[in-house]
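The block underneath contains the structure these notes are about, expressed in structure tokens.
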Amino acid sequence: MIREIRRDESEALLELYLHLHEDGMPEDNAHLQNTWNTICADENHHIIVCEIDGRIVSSCVCVIVPNLTRNVRPYAIIENVVTHKDHRGKGYASACLDYARGLAESAHCYKMMLLTGAKDEHTLRFYQRAGYNCTDKTAFIQWL
């Protein structure tokens with residue numbers, strides 16, 4: 001089942017993020033709880049999950065960004081695309097990305113952007129099959 005995350009599922013999401021690039025669970029403190037509450041309260045911040053047998057096995061984040069250009073149409077940013085290592089190759093991440101696209105279309109976004117640090121061809125082809133291209137824009141990142 002593809003759906004948006006529920007407020008009580010932060011721990012399950014953080015466990016899934018161990019299959020992304022995290023090497024441990026963050027400390028459950030006031031900063032974590034404040035961040036989670038901010039995310040949950042933001043109508044433009046969507047955490048999409050794939051639930052199989054009561055367990056979150058895949059997810060992505062879709063943030064709708066209000067914008068003054070392009071006829072005052074917003075754009076969407078996709079981040080934190082992840083699938084549990086035991087559930088990869090089954091279309092779950094694709095389904096999450098499709099759900100995100102539906103959210104972006106409903107919000108009348110003019111584009112969706114996704115950055116990946118992956119270099120392997122399998123992952124890059126996955127994003128291309130999902131409708132993303134790496135030829136229209138050049139991305140620059142400044143790490144803080």
Practice prompt. Using a 4.5 Å cut-off on heavy atoms from C-beta on, say whether the side chain of Ser58 contacts that of Val49.
Written response: no

Practice prompt. Please lay out, stage by stage, how Asp23 and Leu18 fare under the test side chain to side chain contact (heavy atoms under 4.5 Å, CB included).
Written response: CA-CA 6 Å; Asp23 44 351; Leu18 294 173; over 6 Å; no

Fill in: side chain to side chain donor-acceptor pair (under 3.5 Å) assessment of Gln128 paired with Asn133
CA-CA 6 Å; Gln128 288 173 336; Asn133 74 71; over 6 Å; no

Worksheet item: Considering all heavy atoms of both residues, which atom of Tyr92 and which atom of Val57 are nearest to each other, and what is their separation?
Response: CD1-CG2, 3.7 Å

Item to complete: Please tell me if the side chains of Arg7 and Asn37 come closer than 4.5 Å, counting only heavy atoms from C-beta onward.
Response: yes

Discussion item. With side chain to side chain contact (heavy atoms under 4.5 Å, CB included) as the criterion, how do Tyr99 and Cys62 come out once you've worked through the C-alpha distance, each side chain's angles and the decisive distance to 0.1 Å?
Written reply: CA-CA 9 Å; Tyr99 189 101; Cys62 176; over 6 Å; no

Practice prompt. Evaluate the side-chain proximity of Val61 to Val63: yes if any heavy-atom separation is below 4.5 Å, no if none is.
Written response: yes

Worksheet item: Are the side chains of Ile48 and Leu103 in touch, meaning some heavy atoms are under 4.5 Å apart?
Response: yes

Discussion item. Looking at every heavy atom in both Asn44 and His46, which two are closest together, and how far apart are they?
Written reply: O-CD2, 3.5 Å

Worksheet item: What's the spacing between Lys85 NZ and Arg88 CZ if we round to 0.5 Å?
Response: 8.5 Å

Discussion item. Quick one, Leu13 and Ser59 - any side-chain contact, counting heavy atoms below 4.5 Å?
Written reply: yes

Item to complete: Could you check Lys137 against Met113 for side chain to side chain contact (heavy atoms under 4.5 Å, CB included), going step by step and ending with a plain yes or no?
Response: CA-CA 10 Å; Lys137 297 255 183 182; Met113 294 184 291; 5.8 Å; no

Worksheet item: Would you call the rings of Tyr132 and Tyr127 parallel, tilted or perpendicular, where under 30° means parallel and over 60° means perpendicular?
Response: perpendicular

Discussion item. Please evaluate residues Tyr75 and Ile64 with respect to the criterion side chain to side chain contact (heavy atoms under 4.5 Å, CB included), reporting the C-alpha separation (whole Å), side-chain torsions for both, the decisive distance (0.1 Å), and the verdict.
Written reply: CA-CA 6 Å; Tyr75 56 91; Ile64 308 296; over 6 Å; no

Worksheet item: Any link between Ile78 and Val65 through a network of hydrophobic side chains (Ile, Leu, Val, Met, Phe, Trp, Tyr) touching at under 4.5 Å?
Response: no

Worksheet item: According to the interplanar angle, ranging from 0 to 90°, do the rings of His19 and His84 count as parallel (below 30°), tilted (30 to 60°) or perpendicular (above 60°)?
Response: tilted

Discussion item. Counting only heavy atoms from other residues, nucleotides and ligands, does the tally under 6.0 Å from CZ of Arg3 exceed 12?
Written reply: yes

Discussion item. Counting only heavy atoms not in Arg101 (residues, nucleotides, ligands), do more than 12 fall under 6.0 Å from its CZ?
Written reply: no

Worksheet entry | Hydrophobic cluster identity match, Val81 and Ile47, side-chain contacts under 4.5 Å | no

Practice prompt. To the nearest 0.5 angstrom, please state how far the CG atom of Asp86 sits from the CD1 atom of Ile52.
Written response: 13.0 Å

Fill in: Nearest-0.5 Å distance that lies between atom CG in Asp28 and atom CD in Gln33
4.5 Å

Worksheet item: Are Leu114 and Ile77 in one and the same hydrophobic cluster, where Ile, Leu, Val, Met, Phe, Trp and Tyr link if side-chain heavy atoms are under 4.5 Å apart?
Response: no

Worksheet item: Which heavy atom of Cys96 sits nearest a heavy atom of Cys60, and at what distance?
Response: O-SG, 3.7 Å

Discussion item. Do the side chains of Arg55 and Asp53 get close enough for a salt bridge, i.e. N-O under 4.0 angstrom?
Written reply: no

Worksheet, complete the sentence: When every non-hydrogen atom of Trp36 is compared with those of Arg6, the smallest separation belongs to CZ2-O, 3.7 Å

Item to complete: Answer yes or no: are there more than 12 heavy-atom neighbours, outside His108 itself, under 6.0 Å from its atom NE2?
Response: no

Worksheet item: To the nearest 0.5 Å, what is the distance between CD1 (Ile39) and NE2 (His45)?
Response: 4.5 Å

Worksheet entry | Donor-acceptor under 3.5 Å (Asn34 side chain, Ala30 main chain) | yes

Worksheet entry | Within-4.5 Å side-chain heavy-atom neighbours: Ile56 and Cys50 | no

Worksheet entry | Flag side-chain contact, heavy atom, 4.5 Å: Met25 against Glu11 | yes

Worksheet item: Going by side-chain heavy atoms closer than 4.5 Å, which hydrophobic residues are tied to Trp143, directly or by a chain of links?
Response: Leu115, Ile141

Worksheet item: What is the minimum heavy-atom distance between Asn80 and His21, and which atoms define it?
Response: OD1-NE2, 4.4 Å

Worksheet entry | For Thr123, side chain to side chain donor-acceptor pair (under 3.5 Å) partners two or more places apart | Asp120

Response to the item:
dist Met112:CE -> Leu97:CG (nearest 0.5 Å) comes out at 7.0 Å

